[in-house]
Amino acid sequence: MILPRRFYERDTLVVARELLGKLLVHETAEGTTVGKIVEAEAYIGPEDKASHAYNNRRTSRTEVQFGPKGHAYVYQIYGMYYCFDATSGPILGKPEAVLIRALEPKDGIALMIKRRGLANNQTANLTNGPSRLCMAMGITKKLNGTDLCRPPLYIEDCKPVGEEDIVKTKRVNVEYAGRWTRVPWRFFIKDNKFVSKP
DNA sequence: TGCACGATTCTCT
DNA sequence: GAGAATCGTGCAA
C-alpha cells in the first residue's frame with residue numbers, strides 16, 4: 001500500500017522516525033528501483049536554522065516546502081548533486097521536511113549500479129548517502145514538487161521498525177546552524193550496514 | 001550584476 | 001584526513 005497523505009501530515013519527527021523501514025519506489029522507462037529507507041533527518045522550519053526555509057525563507061527553491069505534504073522536495077547541492085526530501089508536518093504552509101539519507105537496495109539493483117556508474121556487481125556505496133541514493137534511484141530536479149502518494153515516485157508501507165532498533169543522533173553537515181546543529185533529529189536503523197555513517 | 005557558499009562525493013595521501 | 005569538483009541560490013549592492 002502506498003503511504004497516504006495523512007501519514008505525512010503529522011509531527012515531522014514522528015514521520016522521520018516512521019519512514020525508517022518503508023520502501024521508496026521509482027518507476028521509470030528504464031525500469032523500477034526500490035530501496036528500504038534506513039536513515040532520515042528532520043528539518044523543521046522556520047525556527048530550524050539548518051533548514052533551507054529558516055525564518056520562512058520562501059523562494060523558488062523552497063516553495064515546495066510551503067505546499068501540500070507528502071510531496072518531493074528535490075534540490076541541487078554543491079553544484080553537482082541532488083538531495084531528496086518528503087514534505088511533512090501537521091500545519092499546511094509551515095515548511096517542514098524529512099531528508100532521506102540512505103537506502104538499503106531492494107530491487108532494480110543492476111539499474112542502480114548502472115546509474116551510479118559503478119563496476120558490475122559492486123553494491124557497496126550504492127545508496128548510502130543522500131546524493132548517492134538520488135543517483136541510484138534516478139531522482140532529479142524534474143521530480144521536485146511531485147506527489148509521493150502516486151506513481152512514478154512513491155513510498156510503500158512496510159513493517160514498522162521497533163524503537164529498540166532505532167538510533168538517534170545529531171544531523172550531518174549542519175555545523176553552521178548554531179544550537180540546531182546538536183538537536184537529535186537524525187534517525188537510522190541500528191546495525192544496518194547501508195547507513196551513510198555510524 | 002557580483003560573489004560567497006553549500007542538508008556531498010570522490011580521490012589521493 | 002585533506003582538497004577538489006562545480007554551479008544554482010540567496011543576498012548585497
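Proteins come first, then strands; the chains are lettered A, B, ... in the order of their sequence lines, and each starts at number 1.
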pi-stack flag for A:Tyr43 and B:dA7, centroid dist under 5.5 Å, interplanar under 30°: yes
Checking side-chain polar atoms at under 3.5 Å, does [X] have a donor or acceptor matched by the opposite partner on [Y]?
X        : Y        : answer
A:Arg186 : A:Thr169 : yes
A:Arg101 : A:Ser196 : yes
A:Gln65  : A:Thr87  : no

Atom [atom1] in [X], atom [atom2] in [Y]: separation rounded to 0.5 Å?
X        : Y       : atom1 : atom2 : result
A:Cys83  : A:His52 : SG    : NE2   : 8.0 Å
A:Ile166 : A:Arg17 : CD1   : CZ    : 6.5 Å
A:Arg10  : A:Glu96 : CZ    : CD    : 13.0 Å

In whole angstrom, give the distance that lies between atom [atom1] of [X] and atom [atom2] of [N].
X        : N      : atom1 : atom2 : answer
A:Tyr81  : C:dC7  : OH    : P     : 12 Å
A:Leu118 : B:dT11 : CG    : P     : 10 Å
A:His52  : C:dT9  : NE2   : P     : 11 Å
A:Tyr73  : C:dG8  : OH    : P     : 15 Å
A:Tyr82  : B:dT9  : OH    : C1'   : 15 Å
A:Arg61  : C:dG10 : CZ    : C1'   : 8 Å
A:Tyr176 : C:dG10 : OH    : C1'   : 13 Å
A:Asn144 : B:dA7  : CG    : P     : 15 Å

Quiz item: A:Tyr78 side-chain donor-acceptor pair to C:dA5 base, under 3.5 Å: no
[options]: which one has an atom nearest the side-chain heavy atoms of [X]?
X        : options               : result
A:Asp85  : B:dA7, B:dT9, C:dG8   : B:dA7
A:Arg57  : B:dC10, C:dG8, C:dC11 : C:dC11
A:Lys141 : C:dG8, B:dA7, C:dG10  : C:dG8
A:Thr59  : B:dA7, B:dC10, C:dG10 : C:dG10
A:Met80  : B:dT8, B:dA7, C:dA5   : C:dA5

Any A:Arg186 side-chain nitrogen or oxygen under 4.0 Å from OP1 or OP2 of B:dA7: no
A:Asn173 side chain near B:dA7 phosphate (N/O to OP1/OP2, under 4.0 Å): no
Check against side chain to side chain contact (heavy atoms under 4.5 Å, CB included), A:Lys49 and A:Trp180: CA-CA 6 Å; A:Lys49 197 171 180 184; A:Trp180 302 102; 3.4 Å; yes
With a non-hydrogen cut-off below 4.0 angstrom, is [X] in contact with a base, only sugar-phosphate, or nothing?
X        : answer
A:Glu41  : nothing
A:Gln65  : base
A:Arg101 : sugar-phosphate

Option passing salt bridge (charged side-chain N to carboxylate O under 4.0 Å, His left out) with A:Asp48 (candidates A:Lys94, A:Arg57, A:Arg171, A:Arg179): A:Arg171
Intra- and interstrand pairs of DNA chain B - dot-bracket, Watson-Crick/G-U under 3.5 Å, | marks other strand: ||||||.|||||.
